[in-house]
Novice: 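Have a look at this one before I ask anything.
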There are 2 protein chains.
Amino acid sequence: MKRVTMADVAKLANVSKSTVSQYLNKRYDYMSEETKKRIAKAIEELGYQPNIIARSLKQKSTATIGVIVFNVLHMLTTQVLRAIEDVCQERDFHVIVCNTDDDPDKEKKYIEMLRAKQVDGLIVFPTGRNLKLYERMVEEKFPLVFVDRMVPNTPVDAILLDNHKASKLAVDHLVEHGYERIGMVTPPIVSHVIPRLERIEGFKHALVEKGLPVVEEYIVGMEIPYMKEGLEKLFSSECPPQALFAINDLTLMEILNFVKENNIKIPDDLALISIDDVSFANIYTPSLTTIAQPTFEMGRKAAERLFMKIDQRNEDRHQILRFSPTLIKRESVKSRI
Amino acid sequence: MKRVTMADVAKLANVSKSTVSQYLNKRYDYMSEETKKRIAKAIEELGYQPNIIARSLKQKSTATIGVIVFNVLHMLTTQVLRAIEDVCQERDFHVIVCNTDDDPDKEKKYIEMLRAKQVDGLIVFPTGRNLKLYERMVEEKFPLVFVDRMVPNTPVDAILLDNHKASKLAVDHLVEHGYERIGMVTPPIVSHVIPRLERIEGFKHALVEKGLPVVEEYIVGMEIPYMKEGLEKLFSSECPPQALFAINDLTLMEILNFVKENNIKIPDDLALISIDDVSFANIYTPSLTTIAQPTFEMGRKAAERLFMKIDQRNEDRHQILRFSPTLIKRESVKSRI
DNA sequence: CGTGTTTACTAAATCGATTTAGTAATAGGA
DNA sequence: TCCTATTACTAAATCGATTTAGTAAACACG
């Protein structure tokens with residue numbers, strides 16, 4: 001109803017607004033004990049709560065950052081988000097979360113709205129299709145960090161998985177266990193989704209390194225709803241793969257669904273390895289061999305990098321930080337014969 | 001650097017700030033085409049972006065709400081959050097997300113900070129241990145909605161699962177399949193966690209209704225890290241349960257870990273049912289019979305209720321809204337002989 | 001005793017919008 | 001022709017803090 005303002009406190013304590021403001025900001029340099037007490041009492045009595053919006057206007061800082069993700073429902077996102085929030089909590093910052101569903105228009109709208117709301121920085125899982133917008137932010141030196149994806153030719157700090165290494169870990173692990181016909185399952189290969197490209201490239205490269213042929217038919221690249229058909233086709237071919245590498249948790253789910261429906265035995269009929277250490281990897285039978293991303297470290301680092309920029313500890317060069325994946329050996333890959 | 005303000009636009013377009021403001025708010029009532037064009041051009045030329053903070057100060061509305069949860073990593077939370085964000089997106093509102101880890105001090109701090117930041121409303125998964133604070137918000141008629149938990153004697157809208165029904169669905173399903181010795185696994189039973197209490201109460205009530213005895217030893221109430229020991233003890237007793245009811249996804253995970261380690265066959269040695277339809281319920285072998293919460297509907301409703309209050313469509317009475325769980329029959333419960 | 005310094009405050013400007021009250025010019029009606 | 005209405009704007013107050021420049025009183029020192 002009748003919001004209490006600093007002026008009310010000042011009046012009751014018989015001092016000026018300025019003095020109350022000094023008090024609230026703990027600038028006690030030249031303030032008598034007497035006055036401090038009177039102000040404290042007035043605040044208490046009126047139940048005064050400062051209006052941070054007013055302060056933000058003057059100070060040009062909102063102690064709020066925006067995090068723009070594809071979809072909080074994805075495990076990677078949730079974990080990165082949690083790590084970011086933890087770092088923010090330490091600095092009394094707040095986090096605004098937005099879901100783009102990988103839609104560039106939504107991304108644009110959110111970035112513009114959040115900037116209008118004067119957030120102090122943005123951590124973005126970029127769709128990769130708003131180049132102008134990204135560039136504008138760079139020009140204006142607006143604190144910005146990308147996570148999961150990077151955008152070629154756009155000098156923005158990015159926190160990424162070492163995707164080549166992830167694929168190599170998977171391939172090497174399979175090859176070392178005697179597998180030679182290795183398939184890869186992924187959503188469609190489009191040019192602006194860099195990690196996808198890198199994982200596929202890494203996959204092919206690792207095969208070649210091991211002296212194995214790259215069989216294009218073994219690379220199933222389809223939208224999730226059609227993946228089942230793709231797998232059916234793959235396994236009805238005369239020489240189907242002995243092992244599958246799932247590019248992420250969503251494709252893993254499709255594969256698990258498929259093997260269940262078709263009664264394929266893992267690891268005996270088919271070995272399986274995936275990127276993303278899903279929650280049930282340990283619990284599933286057989287337990288699932290996975291390549292884990294250090295999601296919390298990545299989120300933490302993203303936030304730390306952002307705060308470096310917010311604090312103007314500039315170090316003007318932008319950096320692409322690659323985080324190492326970890327192979328977690330379980331039972332879905334076993335030695336052949 | 002040199003932020004562009006409305007004054008700059010006004011100067012360039014040769015009109016007053018007021019006119020620019022009218023233009024931006026699409027109050028074209030008495031504005032010549034000529035002027036509109038000039039303003040549009042000036043905005044374009046300067047790359048003007050409005051400062052919403054300044055507007056918020058005047059308008060006393062930030063188009064931002066706070067969502068305070070235990071932990072975004074929980075599936076329920078993530079899904080509810082996503083639904084809330086969708087509703088907000090439709091109204092051009094933004095969402096600040098905070099994790100309390102079920103710590104009342106963190107909860108208090110967040111609520112106070114967010115209110116200081118003038119959020120227009122709060123959706124809270126309450127710890128239940130900040131009664132004064134909750135009451136103050138009620139008194140001040142601050143828009144507030146609780147989710148997942150409610151707080152007795154505190155008249156706040158709450159979006160809850162019909163926990164009694166959830167337990168009843170589970171028990172009835174088991175009993176109908178011939179099970180009589182049914183255990184329940186839950187975190188410790190503490191008085192401020194109402195849903196837990198309700199689920200346990202519902203469990204006991206459903207047993208009695210079916211003419212079965214309530215065996216206290218069959219109710220394992222332990223912190224997650226100790227649950228394993230609790231289960232070991234339970235299954236080393238002379239007459240262990242034939243079926244287990246997991247109160248939520250976290251306890252389900254513990255049980256699944258336990259059965260895997262101890263080579264217990266589901267559903268032959270032990271039937272299993274749980275609240276929360278985990279992502280892998282379909283994929284697991286056997287697929288898991290679960291009681292699903294309508295998480296998205298709950299999140300949506302929470303946001304809608306909050307907006308009702310924000311829009312002052314008051315309807316002063318507070319409401320406790322109970323959402324019906326759904327039994328999803330799969331393979332982890334089968335008919336006994 | 002006069003001047004400079006320190007202490008303990010305050011008045012007023014400021015942040016960047018919105019909004020209210022007002023003004024000047026033109027149009028319309030009796 | 002005079003008076004009111006309408007149109008197309010603007011000046012100034014306002015939101016609730018922060019911050020700068022300033023002032024009055026007490027004190028310090030040669």
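Chain identifiers are assigned alphabetically (A, B, ...) following the order of the sequence lines, protein sequences preceding nucleic acid strands; residue numbering begins at 1 within each chain.
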Novice: What residues, two or more places apart in sequence or in another chain, satisfy side chain to side chain donor-acceptor pair (under 3.5 Å) together with A/Tyr48?
Specialist: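 Scan of A/Tyr48 (side chain to side chain donor-acceptor pair (under 3.5 Å), adjacent residues dropped) gives none.
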Novice: Would you indicate what A/Ser32 reaches in the nucleic acid, counting non-hydrogen atoms under 4.0 angstrom: base, sugar-phosphate, or nothing?
Specialist: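 Sugar-phosphate, no base atom in range.
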Novice: At 4.0 Å (heavy atoms only), tell me whether A/Thr5 reaches a base, stays on the sugar-phosphate, or touches nothing.
Specialist: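 Here A/Thr5 touches the backbone only, sparing every base.
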Novice: Using five pairs at either end of the helix from C/dC1-D/dG30 to C/dA30-D/dT1, determine the angle between the two local helix axes and round it to 10 degrees.
Specialist: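 Rounded value for the end-axis angle: 50°.
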Novice: List for me each residue that meets salt bridge (charged side-chain N to carboxylate O under 4.0 Å, His left out) alongside A/Arg38, sequence neighbours excluded, and say none if there are none.
Specialist: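 Result, salt bridge (charged side-chain N to carboxylate O under 4.0 Å, His left out) vs A/Arg38: A/Glu34.
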Novice: Counting any heavy atom closer than 4.0 Å, what does A/Met6 reach on the DNA or RNA strands: base, sugar-phosphate only, or nothing?
Specialist: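 Base contact.
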Novice: Using a heavy-atom cut-off of 4.0 Å across all strands, would you classify A/Ser21 as base, sugar-phosphate, or nothing?
Specialist: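 Answer is base: heavy atoms of A/Ser21 come under 4.0 Å of a base.
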Novice: Please work out if B/Tyr48 contacts a base, only the sugar-phosphate, or nothing of the nucleic acid, heavy-atom cut-off 4.0 Å.
Specialist: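 It contacts sugar-phosphate atoms only.
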Novice: Any cation-pi pair here, B/Arg82 with B/Phe296, using under 6.0 Å and within 45°?
Specialist: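 No, cation not above the ring by the 6.0 Å, 45° rule.
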Novice: Mind running a 4.0 Å heavy-atom check of residues 49-56 of chain A against DNA chain C and sending the residues that fall below it, in number order?
Specialist: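 Here the set is empty: none.
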Novice: Quick one: sort the B/Tyr110 and A/His94 rings into parallel, tilted or perpendicular, breaks at 30° and 60°.
Specialist: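 Tilted: the ring planes of B/Tyr110 and A/His94 meet at 30° to 60°.
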Novice: Any ion pair linking B/Glu112 and B/Arg136 (charged N to carboxylate O, less than 4.0 Å)?
Specialist: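 So B/Arg136 pairs with B/Glu112 through a salt bridge.
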Novice: Show every donor-acceptor pair shorter than 3.5 Å between a side-chain atom in residues 51-60 of chain B and any protein atom, with sequence neighbours excluded, or say none if there are none.
Specialist:
residue	atom	partner	partner atom	Å
B/Asn51	OD1	B/Ile53	N	2.9
B/Asn51	OD1	B/Ala54	N	3.2
B/Ser56	OG	B/Ile52	O	2.9
B/Ser56	OG	B/Ser61	O	3.2

Novice: Over all strands shown, is B/Val20 touching base, sugar-phosphate only, or nothing at heavy-atom distances under 4.0 angstrom?
Specialist: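 The answer is nothing, as B/Val20 stays clear of every strand by at least 4.0 Å.
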Novice: Have a look at B/Lys17 and say if it touches a base, only the backbone sugar-phosphate, or nothing, with a 4.0 Å heavy-atom cut-off.
Specialist: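 Base, at least one base atom sits under 4.0 Å.
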Novice: Indicate whether the side chain of A/Asp157 and that of A/Gln319 have a donor and an acceptor atom separated by less than 3.5 Å.
Specialist: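 The answer is no; no qualifying pair exists.
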Novice: Judged by modelled atom types alone, do B/Glu107 and B/Thr127 share a side-chain donor-acceptor pair under 3.5 Å?
Specialist: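 Result is yes, a qualifying pair exists.
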Novice: Parallel under 30°, tilted from 30 to 60°, perpendicular over 60°: which one fits the rings of B/Tyr134 and B/Phe146?
Specialist: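 Perpendicular, since the angle between the ring planes exceeds 60°.
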Novice: Out of B/Asn71, B/Thr77, B/Leu73, which one pairs with A/Thr78 under the side-chain contact (heavy atoms from CB on, under 4.5 Å) rule?
Specialist: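 Considering B/Asn71, B/Thr77, B/Leu73, a side-chain contact (heavy atoms from CB on, under 4.5 Å) with A/Thr78 is found only for B/Leu73.
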Novice: Can you confirm if the NZ or CZ of A/Lys36 lies within 45° of the ring axis of A/Tyr28 and under 6.0 Å from the centre of its six-membered ring?
Specialist: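 Satisfied, under 6.0 Å and within 45°.
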Novice: Using the heavy-atom set of chain B and a strict 4.0 Å cut-off, write down the first and last nucleotide of DNA chain C that makes it in, 5' to 3'.
Specialist: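 Span of nucleotides near chain B: C/dG16 to C/dT19.
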